[in-house]
Amino acid sequence: MIDPQLIERARQILKASQRPVVLTGAGVSQESGVPTFRDALEGLWAQYDPMQLATPQAFRQHPKRVWDWYEYRREKVRRAQPNPGHYALAALGRRFPALKLITQNVDDLHERAGSAGVIRLHGSIAANKCSAACRGEPTPVDVTQLDWDREAGPPPCPYCGRPVRPDVVWFGEMLPQAAIQAAIAASERADVMLVVGTSGVVTPAAHMPVIAKQAGAILIEVNPVASQITPMADLWLPAPSGEALPRLVEALGEA
Ligand code: BV8
């Protein structure tokens, strides 16, 4: 049970905010049953390290293994529902029209909970594209319109025949220019940044709180476990986001 005094302090800080920004990581989807990146991967995937699967090299060497791992994760996201933490962030977006939500997550739970204008740093697991960007980056491919031997792994691109891949940012790949620029601009303008459910390990996403802090923002972290962000946070709510965020929204009077 989170200390009511911490919720009150967070309420005081947010109440005065003109330009709040939220940065979320895998932790915000954990209570929806979407495993975080550092969770031990279940079953079939236990023997692989996500850092070795979410890379262009892995896809080049083992396209079926990587494609099947994403198909497995996509199914988990499809079955997942937004949790109270996602809904609370959507409510914050209604209460603070200037609020910007930046996510590292590739699931669509923020959008399904009603958040709008989500800045997606690492793409979307539900989307696919040509791995050769044969018609420009990205060349979107709707695989629901394709018929192929799924046992063989990824479908061939309907335009050039090279393998289709998930439209996510892999380790070693640049983030989409528009997304990273929007995230930096929002972090530079922020007067309060709420950092929810991230270990703060992956860059450049983990730089956003640093940019906000340097620009004078107050940092509030929501995470049951200390992270790389905690040392620079002005206030740490040591609780699951599904518990802390609804309490915060309720305290703000916008249940
Ligand atoms: C780049 C999409 C320039 C894919 C993801 C050395 C060698 C090579 C590269 C590097 C290097 N050192 C650093 C780098 C850069 C690298 C990087 O950061 N590596 C890390 C591992 C050190 N970054 C990149 O490569 C980026 N690109 O830098 O381009 C460049 C170009 C060429 C060469 C060099 C540099 C691209 C990074 C994007 C990778 N793609 N996702 C996919 O999903 O399949 S990142 C992926 O991991 C997620 O999207 C997410 O961003 C990240 C996991 O982080 P978190 O979200 O924080 O999740 P995590 O599991 O870590 O933590 C969960 C937290 O939630 C925990 O703190 C936990 O306590 C908390 N929690 C749990 N339950 C709850 C909770 N919180 C609240 N409530 C709960 N209930």
Side-chain angles (χ1 to χ4, degrees), residues 2 22-41 45 48-59 65-77 80 82-89 101-110 118-129 138 165-177 179-181 183-184 194-210 220-231 233 236-248:
I2 187 161
V22 182
L23 171 68
T24 63
V28 80
S29 297
Q30 190 264 343
E31 290 156 274
S32 297
V34 178
T36 70
F37 238 68
R38 279 161 196 29
D39 275 350
L41 289 168
W45 307 108
Y48 299 118
D49 169 1
M51 303 295 168
Q52 301 306 317
L53 277 168
T55 68
Q57 296 79 355
F59 186 69
R65 178 190 297 169
V66 173
W67 178 262
D68 289 352
W69 183 53
Y70 280 91
E71 287 294 275
Y72 161 77
R73 289 175 59 198
R74 291 188 238 247
E75 185 50 30
K76 277 214 170 261
V77 169
N83 68 61
H86 292 109
Y87 286 113
L89 291 175
L101 174 59
I102 306 166
T103 190
Q104 303 174 77
N105 299 340
V106 292
D107 65 51
D108 60 349
L109 296 175
H110 283 309
V118 178
I119 299 172
R120 316 190 61 75
L121 292 177
H122 298 151
S124 167
I125 200 165
N128 288 291
K129 63 183 182 182
R165 58 164 281 183
D167 191 6
V168 298
V169 180
W170 278 332
F171 289 100
E173 292 189 318
M174 303 298 280
L175 276 60
Q177 203 56 29
I180 190 71
Q181 279 167 357
I184 291 170
L194 197 54
V195 183
V196 184
T198 182
S199 60
V201 166
V202 173
T203 59
H207 289 161
M208 297 311 122
V210 175
I220 302 173
E221 180 181 24
V222 177
N223 194 328
V225 172
S227 73
Q228 303 243 16
I229 307 294
T230 315
W236 174 28
L237 305 182
S241 44
E243 176 200 328
L245 293 175
R247 294 278 307 283
L248 179 53

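Each ligand, and each atom within it, is numbered from 1 in the order the structure gives. Note that these values count all heavy atoms, side chains included, but never hydrogens, waters or copies made by symmetry.
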Say whether Val28, considering both its backbone and side-chain N or O atoms, lies within less than 3.5 Å of an N or O atom on ligand 1.
no
Taking Thr103 for the side chain and Asn105 for the main chain, is one N or O donor matched with an acceptor at less than 3.5 Å?
yes
May I ask you to identify, for Gln104, whether its side chain, its backbone, both or neither come under 4.0 Å of ligand 1 on a heavy-atom basis?
both
Below a 4.0 angstrom heavy-atom separation, can you tell me which part of Val106, side chain or backbone, both or neither, approaches ligand 1?
side chain
Ignoring angles and geometry beyond distance, decide whether Glu173 reaches within less than 3.5 Å of ligand 1 through its nitrogen or oxygen atoms.
yes
Do Arg65 and Trp69 meet the cation-pi criteria used here (NZ or CZ under 6.0 Å from the six-membered ring centre, within 45° of the axis)?
no
Show the atoms of ligand 1 that are less than 4.0 angstrom away from any heavy atom in Val202.
18 (O), 37 (C), 47 (O), 52 (C)
Taking side-chain contact (heavy atoms from CB on, under 4.5 Å) as the test, write out the residues that go with Ala58, two or more places apart.
Thr55, Val66
Counting from 1, what ligand 1 atoms have a heavy atom of Thr36 closer than 4.0 Å?
60 (O)
Among Met51, Glu221, Glu31, Met174, closest by heavy atom to atom 30 (C) of ligand 1 is Met174
Taking 4.0 angstrom as the limit, do Glu173 and Arg165 come out as a salt bridge?
yes
May I ask you to decide if Gly200's main-chain N or O and Thr198's side chain share a donor-acceptor pair within less than 3.5 Å?
yes
Are Ala205 and ligand 1 in contact, using a heavy-atom cut-off of under 4.0 Å?
no
Could you list which atoms of ligand 1 come closer than 4.0 Å to a heavy atom of Gly25?
56 (O)
Ligand 1 atoms in contact with Arg73 (distance to a heavy atom under 4.0 Å)
42 (C), 43 (O), 44 (O)
Does Ala88 have any side-chain contact (heavy atoms from CB on, under 4.5 Å) partners at least two apart in sequence or in another chain, and if so, which?
Leu245, Pro246, Val249
When you compare the side chains of Thr24 and Gln104, does any donor N or O come within less than 3.5 Å of an acceptor on the partner?
no
Closest to atom 68 (C) of ligand 1 (heavy atoms only, candidates Ile125, Asn223, Thr203, Val225) is Asn223
For Tyr70, the atoms of ligand 1 under 4.0 Å from one of its heavy atoms are 4 (C), 42 (C), 44 (O)
Distance-only side-chain donor-acceptor flag, Thr36 / Gln30, under 3.5 Å:
no
Report yes if some N/O of Ser241 lies less than 3.5 Å from some N/O of ligand 1; otherwise report no.
yes
Contact atoms of ligand 1, heavy-atom distance to Gly172 under 4.0 Å:
24 (C), 25 (O), 31 (C), 32 (C), 33 (C)
Taking distance alone, with no angle check, do Gln30 and ligand 1 share an N/O pair under 3.5 Å?
yes
Relative to Trp67, does Arg74 satisfy both conditions: NZ or CZ under 6.0 angstrom from the six-membered ring centre, and within 45 degrees of the ring's axis?
yes
Please report whether ligand 1 has a polar contact with Val169, defined as an N or O pair separated by less than 3.5 Å (distance criterion only).
yes
Nearest heavy atoms of Glu243 and Ile2, plus distance in Å:
OE2-N, 2.9 Å
Cut-off 3.5 Å, side chains only: do Ser29 and Asp107 have a donor facing an acceptor?
yes
Geometric N/O contact Ala26 with ligand 1, under 3.5 angstrom:
yes
